[in-house]
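This chain uses plain numbering: 1 for the first residue, then up along the sequence.
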Amino acid sequence: MLLKTLSTITATSFLASLVKSADLPAIEVVGNKFFYSNNGSQFYMKGIAYQADTANVTSGSTINDPLADYTSCSRDIPYLQQLDTNVIRVYAVNTSLDHTECMNALNDAGIYVIADLSSPTESINRDSPSWTLDLLDRYTSVVDLFSNYTNVLGFFAGNEVTNNFTNADASAFVKAAVRDTKKYISDQGYRAIPVGYSSNDDADTRVAIADYFACGDDDVKADFYGINMYEWCGTSTFSKSGYSDRTKEFANLSIPIFFSEYGCNEVSPRQFTEVQALYGSDMTDVWSGGIVYMYFEETNKYGLVSIDGNDVKTLDDFNNYSKEIHSISPTSANTKSYTPSSTALSCPTSQKYWNVATSLPPTPDKNICSCMAASVSCTVSSDVDEDDYQDLFNYVCSKVSCAGISKNGTSGEYGAYSFCSSKEQLDFVLNFYYEANGGSSSDCDFSGSATLQDATTQAGCATALSQIGSVGTNIASVSATFDSSESSSSGKKTSSATGKSSSGKSSATSGSSSSSASSTSGSKKSNAGSVNAKLNLAQVLLSSVVTISLAAGLGFALA
């Protein structure tokens, strides 16, 4: 091997890097390319996926956060430098930890970071997609942590959420996440950090989904687009591998596109001959480089190095990739002379393998949910386990419309309360049933699973709630303001609807599992049908926290 350890080089180079360097210039997007903001020269990603699995994380944690472990990142940075790395991709971060030391060390080493905004337990579920308050809070908390580092190149709002045409509708929820994250960054006055999406390479949807994320106004579309690409395996060529076809397919994409993962390992050791094609003249007009999967050797055998404690051993893949990446010389544009050929792209129309609405889910608004929750009279009892909510949803939604809490990425129809917590949504539909049936105490019964409270519509809520309407299908054009102190004194429970249930009412304590994704066991689709023909109960699976899709494309194991 060229390098078995880098002990001498590691110590020397890393001690030198302890001298604080100036902040790296931010990377900006112009047309379909990345550029250094300080001098306008083009930026190509020479990246490596950098995150170990979570099998050995500290008890109680769900994330092995490489940006919060200075011992490990300082050990690894010299090896990343040996590979001329200028970007690392991190799939999940722990927002309760400090990342200063690693981020500063990466900055001093000339390395940028692309961070996924989701986490193993907080991401958009492709099988029952929602864009909720809890998810927005997760995404914005990551933005808050990393907004002050100029070596944050950007954020991924999702990774392979849609992975085939059967769950294409989930892309509407991811694009809503892109929209709302970008707006949050702007509203907070942060640097304009790009927000994008990382997709799999699915033959049926690959072109339509890229166009979908790239289309629309600047405040809605993704700033960049990544594809986890594993088409070049072993000895191949630009044409034979499929790279030629992919380059033609994405030639008109109006935002930067790159390989957010690459490095097929069907033939081992990997030779990485695709590097010459990716950074060669056939591809650089369309592609902005890529991110090799991955740094750590694990059971999936995609590693460039193996690690035993503090001992790092470079593998054949490391040496082969090093040889290839050091021999590239891509052409370089400059913002002073570069004029994008296209800055706008039409959204894809419905077709056999793509039927996704351009109308996106509403932006989650905590005030709207709180206003509604205080304004209803009939609510779920506090002693009802959340695992039993689905029984109530199934029953109520078979009797009255639950359109106010529904979400449909295919039709583009979203209830005004589709982003609220599962309890708030259940309160809304229980109260809708209660009022539709006359408003007697027996109509807020459900075998003791519901209770009455004093309904309070605050002054700051009235207009918004009126615009939304009793069914909850309209979107308020005005902001709502909710005063929690006022609610705590006026929204007390007043009576419990006890006794036998009315004829036909279903008990919510039968023990069937909940499909609320706030349960760590994951969400499930409802088997119950709905009286409302437009309402798909699979889209009424309420989520306060959604279960994980895939936090990484290949081999990123999650505990």
Hey, is the main chain of [Y] close enough, under 3.5 Å, to the side chain of [X] for a donor-acceptor pair?
{"X": "Tyr112", "Y": "Ile88", "answer": "no"}
{"X": "Thr181", "Y": "Val178", "answer": "no"}
{"X": "Gln51", "Y": "Ala92", "answer": "yes"}
{"X": "Glu297", "Y": "Ser306", "answer": "no"}
{"X": "Ser72", "Y": "Asp69", "answer": "no"}
{"X": "Gln351", "Y": "Thr349", "answer": "yes"}
{"X": "Asp202", "Y": "Thr205", "answer": "yes"}
{"X": "Ser130", "Y": "Thr132", "answer": "no"}
{"X": "Asn86", "Y": "Gly110", "answer": "no"}
{"X": "Glu261", "Y": "Asn228", "answer": "no"}

Please list, chain by chain and in numerical order, all residues satisfying ring-ring contact (aromatic ring centres under 6.0 Å, His included) with [X], sequence neighbours excluded.
{"X": "Tyr353", "result": "Phe165"}
{"X": "Tyr190", "result": "none"}
{"X": "Tyr184", "result": "none"}
{"X": "Trp287", "result": "Phe250, Phe259"}

Which residues pass the salt bridge (Lys or Arg N to Asp or Glu O under 4.0 Å) test with [X], sequence neighbours left out?
{"X": "Asp204", "value": "none"}
{"X": "Asp211", "value": "none"}
{"X": "Asp180", "value": "none"}
{"X": "Glu28", "value": "none"}

What is the ring orientation for Tyr197 with Tyr225, classed by angle as parallel under 30°, tilted 30 to 60°, or perpendicular over 60°?
->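 Ring orientation of Tyr197 relative to Tyr225: tilted.
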In terms of ring plane angle, is the pair Phe224 and Phe258 parallel, tilted or perpendicular, where the classes change at 30° and 60°?
->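 Ring orientation, 0 to 90° scale: tilted.
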Any pair counted as disulfide bond (SG atoms under 2.5 Å apart), so long as it reaches [range], sequence neighbours left out:
{"range": "residues 265-298", "result": "none"}
{"range": "residues 241-314", "result": "Cys233-Cys264"}
{"range": "residues 76-149", "result": "Cys73-Cys102"}

When you check the side-chain N and O atoms of [X] and [Y], is any donor under 3.5 Å from an acceptor?
{"X": "Gln271", "Y": "Tyr321", "value": "no"}
{"X": "Ser118", "Y": "Asp116", "value": "no"}
{"X": "Asn159", "Y": "Arg89", "value": "yes"}
{"X": "His99", "Y": "Asp65", "value": "yes"}
{"X": "Asn167", "Y": "Asn163", "value": "yes"}
{"X": "Arg246", "Y": "Ser241", "value": "no"}
{"X": "Gln276", "Y": "Ser327", "value": "yes"}

How close do [X] and [Y] get, counting heavy atoms only, and between which atoms?
{"X": "Leu145", "Y": "Asn148", "value": "O-OD1, 3.5 Å"}
{"X": "Lys33", "Y": "Thr284", "value": "NZ-O, 3.8 Å"}
{"X": "Thr247", "Y": "Phe238", "value": "OG1-CE1, 3.9 Å"}
{"X": "Thr140", "Y": "Asp137", "value": "OG1-O, 3.2 Å"}
{"X": "Arg270", "Y": "Tyr262", "value": "NH1-O, 4.4 Å"}
{"X": "Tyr279", "Y": "Gly289", "value": "CE2-CA, 3.6 Å"}

Is any side-chain heavy atom of [Y] closer than 4.5 Å to one of [X]?
{"X": "Ile255", "Y": "Asn32", "answer": "no"}
{"X": "Met283", "Y": "Ser288", "answer": "no"}
{"X": "Asn104", "Y": "Tyr149", "answer": "yes"}

Apply the side-chain contact (heavy atoms from CB on, under 4.5 Å) test between Leu106 and each candidate in Asn151, Thr85, Leu24; give the one that qualifies.
->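 Result for side-chain contact (heavy atoms from CB on, under 4.5 Å) with Leu106: Asn151.
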Apply the side-chain contact (heavy atoms from CB on, under 4.5 Å) test between Phe213 and each candidate in Val174, Asp223, Val220; give the one that qualifies.
->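 Testing Phe213 for a side-chain contact (heavy atoms from CB on, under 4.5 Å) against Val174, Asp223, Val220 leaves exactly one candidate, Val174.
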[X] ring center near [Y] ring center (under 6.0 Å):
{"X": "Tyr50", "Y": "Phe296", "result": "yes"}
{"X": "Phe419", "Y": "Trp131", "result": "no"}
{"X": "Phe35", "Y": "Tyr338", "result": "yes"}

Does a sphere of radius 6.0 Å around CG in Asn252 hold more than 12 heavy atoms from other residues, nucleotides or ligands, not counting ones at 6.0 Å or beyond?
->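 Open.
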How about Asp187: does its CG atom have over 12 heavy atoms from other parts shown lying under 6.0 Å from it?
->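 Count over threshold, so yes.
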Got a sec, which pairs hit salt bridge (charged side-chain N to carboxylate O under 4.0 Å, His left out) with one end in residues 251-260, sequence neighbours left out?
->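 Residue pairs with at least one partner in residues 251-260: there are none.
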Carboxylate-amine/guanidinium contact Glu231 Arg206, below 4.0 Å =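 A salt bridge links Glu231 with Arg206.
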Note: Lys182-Asp219 ion pair, threshold 4.0 Å (strictly below) =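 Result for this pair is no, no salt bridge flagged.
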Test side chain to side chain contact (heavy atoms under 4.5 Å, CB included) applied to Ser171 and Trp354, step by step = CA-CA 10 Å; Ser171 288; Trp354 188 260; 3.8 Å; yes
Taking the six-membered ring of Phe173, is the NZ or CZ of Lys407 close enough (under 6.0 Å from the centre) and on axis enough (within 45°)?
->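 Lys407 over Phe173 ring: no.
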Side chain to side chain contact (heavy atoms under 4.5 Å, CB included) between Val286 and Leu253, intermediate numbers included = CA-CA 8 Å; Val286 175; Leu253 204 67; over 6 Å; no
